[in-house]
Amino acid sequence: MSDAPPAADSGWTVPVRELLTAAELGLRVLAGASALDREMSWAHVSELVDPTEFLQGGELLLLTGVSLPAGEQAQHTYVQRLAAAGVAAIGFGIGLSWQTVPPALVTAAERAGLPLLEVPRATPFLAITRAVAQAISRRERAAQERLMHAQRALTAAAVGRGGLAAVLDEIHRLLGGWALLLNRGGAVLASSPPDAAEHRGGLRADLARLREAPGAASLVARDGGTEIWVQSLTAGTEMLGYLAIGRATALTAAERQVVNAAVPLCTLSLDRSRVVGQASRRLQSSVLRLLLAGQSGLVESVAGELWNGLPAEPVIVWECRASRFALVAARERLVADRQLASARVVYGELDDELVGVVSAEFRGGVPVGELERLLRTLRGVDGLRIGLSEPAGYGDLASASEQARRAAEYGTGSDTRVTWFREIPRLGLLELLPPERAAEFAASVLRPLRAEASAGAPGRRAELLRSLRVWLAHHGQWDPAAGELGVHRHTLRNRMQRVEQLLGRELDSPDLRAELWLALRLDERRAGVN
């Protein structure tokens, strides 16, 4: 028998049982026959009385017993120490120090559930070490071949007509269990098998944890008898969605590689959908702007491609206001609602708000049809303020749009709230000022803020004006205003300090706040008219 240097841990293992298939080794099981499926990571030779300091767990420990204590209790202690260190099995070479394996060692190994193999005198330890290495190499090559086949299958599914659903089906076929693909709002984009979507509710806490993690991240959790693996999918710093896989048993190293191969395909598909979606949303916004400006005849020719056509008159203009995250969630809920996706509901993003047009259908004064479905879907988003206009024809959409804006602006509170234009008090003050005087007043009050654009920061004016309007709308409360803007309260404080610097006055003054609010409202009314 001869020694061999250990090799670096490859991460792959083989069961002890596989060594018994090599008849040329002549190994014989003396104890622990019920534990032959334990995995070995390598074969290690040591004659130390306590070799555990040099073990990592998972080794087949080979020895001739040259230093093995002779006492029965000492041999029991020796085996217990090896079992506690995670040794996969013991290979005892006979014919040198011991002519047979000590009975006490056999008894101790059986009690510990530790496989004990008798190694004949003619079998060198090097042959066993080589056999373990070869078995590990065979398993690794087989896993790599399976991985290549899996990658080909996943790639074919991703580029085929089935898209993301086909990729999920392939993951399910390769791994079993269930697989879910969710967008960044947590809505199900694809599931396999189809009823796997029911597992989405149990993922809320996991998605919240991953959402807070910087960049792509993953976690493993258990839900009853199911192990769940969740991976966030990102493009740069932007969150695209999540891949979740659940099954009764943990993923093996080879199966984790299959999942790792699926992650970039899912990410690429989501990113491609995101880019296409951004272009589509920009087109929707431009066409919606034309519609609200009274160009329904021009819009009608493309409305069928964008929204399944224009809603039947009379219609209601609706506007949603909230934080950026809530608006994204609202838009994604509209996209995910299959009934609305096939209905004639027009919507798009205008000036950082979600605006749309829907048929005004009522029964006994209660919204029905597409209007009722729209409101039910939007009410599922926390913190959304929804403003609704009076029923109008397409020729009066400019006025209806102003009504929806004022209704959404009037709605307050952290919960989702629906406000009809008819429910808000009439703001007669704005109508008291002649348009010319109103424009002159607004321009005079807001001139210092507008001058910011000519100072080399074109986007700063819009940013300051919007921040100021939202802050005033929340009566100077920092947290609610920052939440609606989607910024940190310190960022909002810095912006308001900049406003004070430009105005040369402090915003603590109620007179200044009233002047600014009136000027902003007049300016918005003028912009809506023009």
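Atom set for the values below is all heavy atoms of this structure, side chains included, hydrogens, waters and symmetry mates excluded.
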Quiz item: Salt bridge or not for Glu353 and Arg466, using N-O below 4.0 Å?
Solution: yes
The reported gap from NE2 in His475 to CH2 in Trp517 (rounded to nearest 0.5 angstrom) is 8.5 Å
message = Regarding Arg173 and Glu170, does a basic nitrogen lie under 4.0 Å from an acidic carboxylate oxygen?
response = yes
Side-chain (Arg385) to main-chain (Arg417) donor-acceptor, under 3.5 angstrom: no
When every non-hydrogen atom of Arg247 is compared with those of Leu175, the smallest separation belongs to NH1-O, 2.9 Å
Checklist entry - Donor-acceptor pair, Arg513 side chain versus Leu507 backbone, under 3.5 Å? => result yes
Inset, instruction - Please test Trp178 against Thr226 for side-chain contact (heavy atoms from CB on, under 4.5 Å), starting from the C-alpha separation and ending with a verdict. - result: CA-CA 10 Å; Trp178 53 262; Thr226 303; 4.1 Å; yes
Ala326 and Val381 have their tightest heavy-atom pair at O-CG1, 3.5 Å
- Item | Flag, side chain of Ser232 to backbone of Ala217, donor-acceptor distance under 3.5 Å | yes
Using distance alone, with no hydrogens and no angle criterion, decide if Ser285 and Arg289 have a side-chain donor and acceptor under 3.5 Å apart. no
With no hydrogens and no angle check, is any side-chain donor or acceptor of Ser389 less than 3.5 Å from a backbone partner on Gln403? no
Taking Tyr394's backbone N and O only, do any of them form a donor-acceptor pair with Glu313's side chain (distance below 3.5 Å, no angle check)? yes
Closest non-hydrogen contact found for Glu390 with Arg422 is OE2-CB, 3.2 Å
Between the side chains of Glu372 and Arg363, is the shortest nitrogen-to-carboxylate-oxygen separation below 4.0 Å, so that they form an ion pair?
no
Checking Arg405 against Glu402 for the salt bridge (Lys or Arg N to Asp or Glu O under 4.0 Å) test, could you report, in this order, the C-alpha distance in whole Å, the side-chain angles of both residues, the deciding distance, and whether it holds? CA-CA 5 Å; Arg405 184 191 65 78; Glu402 172 65 13; 2.5 Å; yes
Please step through side-chain contact (heavy atoms from CB on, under 4.5 Å) for the pair Trp471 and Val499, ending with a clear verdict. CA-CA 12 Å; Trp471 183 74; Val499 169; over 6 Å; no
Heavy-atom nearest pair, Ser191 first then Ala197, reads CB-N, 3.9 Å
- request: Answer whether the closest heavy-atom distance between the side chains of Leu182 and Arg200 falls below 4.5 Å.
  value: yes
- Query: Quick one: are Val287 and Val346 in side-chain contact, heavy atoms under 4.5 Å?
  - Reply: no
- Can you check whether Val167 reaches Cys266 side chain to side chain, under 4.5 Å on heavy atoms? yes
- Item | Aromatic ring pairing Phe362/Trp420, orientation class (parallel under 30°, perpendicular over 60°, tilted between) | tilted
One should read off an interatomic distance between Ile245 CD1 and Ser218 OG, to the nearest 0.5 angstrom, of 11.0 Å
*Do the non-hydrogen side-chain atoms of Arg495 and Val487 ever get within less than 4.5 Å of each other?*
yes
Margin query: For Arg209, is the CZ atom crowded, meaning more than 12 foreign heavy atoms sit under 6.0 Å from it?
Written below: no
Report task. Kindly say whether Gly387 contributes a backbone atom to a donor-acceptor pair with the side chain of Arg406 at under 3.5 angstrom? Result -> no
Practice task
Would you check, one step at a time, whether the test side-chain contact (heavy atoms from CB on, under 4.5 Å) holds for Trp229 with Arg256?
Solution key: CA-CA 10 Å; Trp229 181 90; Arg256 286 196 297 270; 5.6 Å; no
Point to revise | Verdict with supporting geometry, Arg498 and Glu463, salt bridge (Lys or Arg N to Asp or Glu O under 4.0 Å) | key: CA-CA 11 Å; Arg498 181 57 181 162; Glu463 177 184 273; over 6 Å; no
Just by distance, do the side chain of Glu227 and the backbone of Ala248 share a donor-acceptor pair under 3.5 Å? no
Decide yes or no for Arg139 and Thr13: does some side-chain heavy atom of the first lie under 4.5 Å from some side-chain heavy atom of the second? yes
Review point. Can you find a heavy atom in the side chain of Leu203 that is under 4.5 Å from one in the side chain of Tyr242?
Key: no
Taken to the nearest 0.5 Å, the spacing of Leu233 CG from Leu181 CG works out to 6.5 Å
* Asked: Taking the side chain from Arg321 and the backbone from Glu409, do they hold a donor-acceptor pair closer than 3.5 Å?
  -> no
Does Glu255 offer a backbone N or O that forms a donor-acceptor pair with the side chain of Gln257 under 3.5 Å? no
What one should report as the nearest heavy-atom pair of Arg469 and Leu520 is CA-CD1, 3.8 Å
- Item | Asp479 backbone acceptor or donor facing Arg489 side chain under 3.5 Å | no
Rounded to the nearest 0.5 angstrom, the CG-CG distance for Leu449 and Leu516 is 7.0 Å
**Asked** Do Leu334 and Leu374 come close enough that some side-chain heavy atom pair is under 4.5 Å?
**Response** yes
key: Residue pair Leu310 / Arg344, side-chain heavy-atom distance below 4.5 Å   = no
Walk me through whether Leu354 and Glu349 qualify under side-chain contact (heavy atoms from CB on, under 4.5 Å). CA-CA 5 Å; Leu354 189 61; Glu349 297 179 36; 4.2 Å; yes
When rounded to the nearest 0.5 Å, the distance separating NE2 of His172 from CG of Leu174 is 10.5 Å
CD of Gln56 to CH2 of Trp42, rounded to nearest 0.5 Å, is 12.5 Å
When every non-hydrogen atom of Ser401 is compared with those of Leu292, the smallest separation belongs to OG-CD1, 4.0 Å
